[in-house]
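The figures here come from the full heavy-atom set of this structure, side chains too, leaving out hydrogens, waters and symmetry mates.
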Amino acid sequence: MDSLKLSIPQVRLQRSFNISFSNQPMPPSRLKITCGLRKIGPRKPMWRSRVLSPEAIQAVQSLKLARSPDKLVEVFANRISRLLKADLLDTLSELQRQNEVELALQVFNFARKEVWYEPDISIYSDMILMLGKSSNIEMAEQLFGEIEKEGLRPDTRTYTEMIGAYFHVKMIEKAIESYESMKGSGCIPDKLTFRILIKNLEKSGEKELIATVKKDCLTYIEYPEKFLEEVEKTYPKRRLLNIV
C-alpha cells in the first residue's frame, strides 16, 4: 500500500514500535461495497460497541494525558498494543467523537498494521467526517484518495462526508464536483446528501445550483415534494427556491 503522507505533527517513535503508515501492501477487502438508496440513514459500522469497555476508556485517557513523544510511545507499547480488536476500534471511535484528530490518526495507522485488519469503508467515512469538521481538508482528500488503493470503493456516505468537508471550508465548487463524481460512480445520493447540499447552497445564495439539486431530488428521492417541504421547514430563515 502506498504511503499516505499527512501534514500533522508526528511523534518520534522507537524503531521497535512504529505507528506510522506501513509500506507493505494491504490485502483487498473481502467486502464488496454496493452503492444504493439507503432507507434507514447512514450505515453504522458493525464493529462499534455501544458502551466503551474499561480498557478502551483507559486507553483514551492515557493517550490524551501523554504530554511528550516518549510518553506517547510508552502508551502505545504498554497499553494500545494490548487492546483487543473491539477495544482498539472503540478507542479510535471515541477519539474521533472527541475530535482528537492527531491521536485518532495515529491509532488508525496502528490499527491498519494489525494482523486482523481489513479495510472498512465505514472507518474511512468516519475519519473523513472528523477531518472535515476540523477543516483538515487536505488530509481528508488524501485519505479519500487512499480508499481505492485499499481495494474499496467510496460509497454514498463517503461521498457525502467529503461533500460536507468541502462545504465546511467554503469550497463550493469542490463540493459540487464531489457530488457529480458520486452520481457518475453509480452511488445514489440520499436524503442526508441533499440536506447538506441544499442547506449549504442556500447559505451561499447559489440559486441556480439549488434549483439543479432540487430537480435531482425528483430522480433520487421517494416523495420528493414532501422531502423538500421538510427541508424548507428546517431552514425557515430564508425560503428556499422552488422547483421550476
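- When all heavy atoms of Gly164 and Ile196 are compared, the closest pair comes out as CA-CG2, 4.1 Å.
- A donor-acceptor pair is defined here as one N or O able to donate and one able to accept, closer than 3.5 Å; no such pair exists between the side chain of Ser204 and the backbone of Leu201.
- Contact between Met162 and Ser178 at its shortest, heavy atoms only, is CG-OG, 4.2 Å.
- Tested against Glu206, the residues Ile172, Val213, Ile176 include a single side chain to side chain contact (heavy atoms under 4.5 Å, CB included) partner, Ile172.
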Solution key, residues 52-60 side-chain donor-acceptor pairs under 3.5 Å, sequence neighbours excluded:
residue	atom	partner	partner atom	Å
Ser53	OG	Glu55	OE1	3.4
Ser53	OG	Ala56	N	3.2
Ser53	OG	Asp87	OD1	2.7
Gln58	OE1	Arg79	NH1	3.1

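- Taking all atoms of both residues into account, the shortest heavy-atom contact from Ser135 to His168 is OG-CD2, 3.2 Å.
- Taking NZ of Lys71 as the reference point, atom OG of Ser62 lies at 7.0 Å (rounded to 0.5 Å).
- The minimum heavy-atom distance linking Arg153 with Ser185 is given by the pair NH2-O, 3.2 Å.
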side-chain contact (heavy atoms from CB on, under 4.5 Å) between Leu103 and Leu72: does it pass, once the steps are laid out? CA-CA 10 Å; Leu103 291 175; Leu72 192 58; 4.0 Å; yes
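- Between Leu92 and Leu88, every side-chain heavy-atom pair lies at or beyond the 4.5 Å cut-off.
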Begin with the C-alpha distance, continue with both residues' side-chain angles, and end with the deciding distance and a verdict on side-chain contact (heavy atoms from CB on, under 4.5 Å) for Phe76 and Gln106. CA-CA 10 Å; Phe76 270 89; Gln106 293 187 42; 4.0 Å; yes
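- Not counting sequence neighbours, the partners of Glu141 by the side chain to side chain donor-acceptor pair (under 3.5 Å) test are Tyr166.
- Leu83 and Trp116 end up in the same hydrophobic cluster when Ile, Leu, Val, Met, Phe, Trp and Tyr side chains are linked at under 4.5 Å.
- Among the candidates Asp155, Leu143, Leu129, the single residue satisfying the side chain to side chain contact (heavy atoms under 4.5 Å, CB included) test with Tyr124 is Leu143.
- The distance from the CG atom of Leu63 to the CD atom of Glu102 is 11.0 Å, given to the nearest 0.5 Å.
- Closest approach of Ser122 and Arg157 over heavy atoms only: O-NH1, 3.8 Å.
- The pair Glu225-Lys214 does not meet the salt-bridge criterion, since no charged nitrogen lies less than 4.0 angstrom from a carboxylate oxygen.
- Taken to the nearest 0.5 Å, the NZ atom of Lys64 stands 8.0 Å off from the CD atom of Glu94.
- Within the 4.5 Å cutoff, the side chain of Thr156 has no heavy atoms near those of the Pro189 side chain.
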Take Ile121 and Glu150 through the side-chain contact (heavy atoms from CB on, under 4.5 Å) test and state the conclusion after the steps. CA-CA 9 Å; Ile121 195 63; Glu150 290 268 32; over 6 Å; no
With side-chain contact (heavy atoms from CB on, under 4.5 Å) as the test, would you mind laying out the steps for Cys217 and Phe227 before giving the verdict? CA-CA 9 Å; Cys217 288; Phe227 168 71; 4.0 Å; yes
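- Using a 4.5 Å heavy-atom cutoff, the side chains of Met130 and Met139 are not in contact.
- Taking SG from Cys187 and OH from Tyr159, the interatomic distance works out to 6.0 Å, rounded to the nearest 0.5 Å.
- Other residues, nucleotides and ligands contribute only 12 or fewer heavy atoms inside 6.0 Å of the CD atom of Glu148.
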Going through the distances and angles, do Glu230 and Arg195 end up as a salt bridge (charged side-chain N to carboxylate O under 4.0 Å, His left out)? CA-CA 10 Å; Glu230 293 174 352; Arg195 285 184 184 277; 3.7 Å; yes
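- Considering only heavy atoms from C-beta on, Glu229 stays 4.5 Å or farther from Glu232 through its side chain.
- For Ser93 and Asp126, the side-chain atoms include no donor-acceptor pair closer than 3.5 Å.
- Atoms CZ and CD1, from Phe194 and Ile163 in turn, are 9.5 Å apart once rounded to the nearest 0.5 Å.
- Of the possible polar contacts, none joining the Thr193 side chain to the Thr160 backbone as a donor-acceptor pair under 3.5 Å is found.
- Under the rule for a side chain to side chain donor-acceptor pair (under 3.5 Å), the partners of Asp216 that lie at least two apart in sequence or sit in another chain are Tyr179, Lys183.
- Taking each heavy atom of Gln96 and Ile123 in turn, the nearest pair found is NE2-O, 4.3 Å.
- Atoms CG and CG, from Leu152 and Asp120 in turn, are 7.5 Å apart once rounded to the nearest 0.5 Å.
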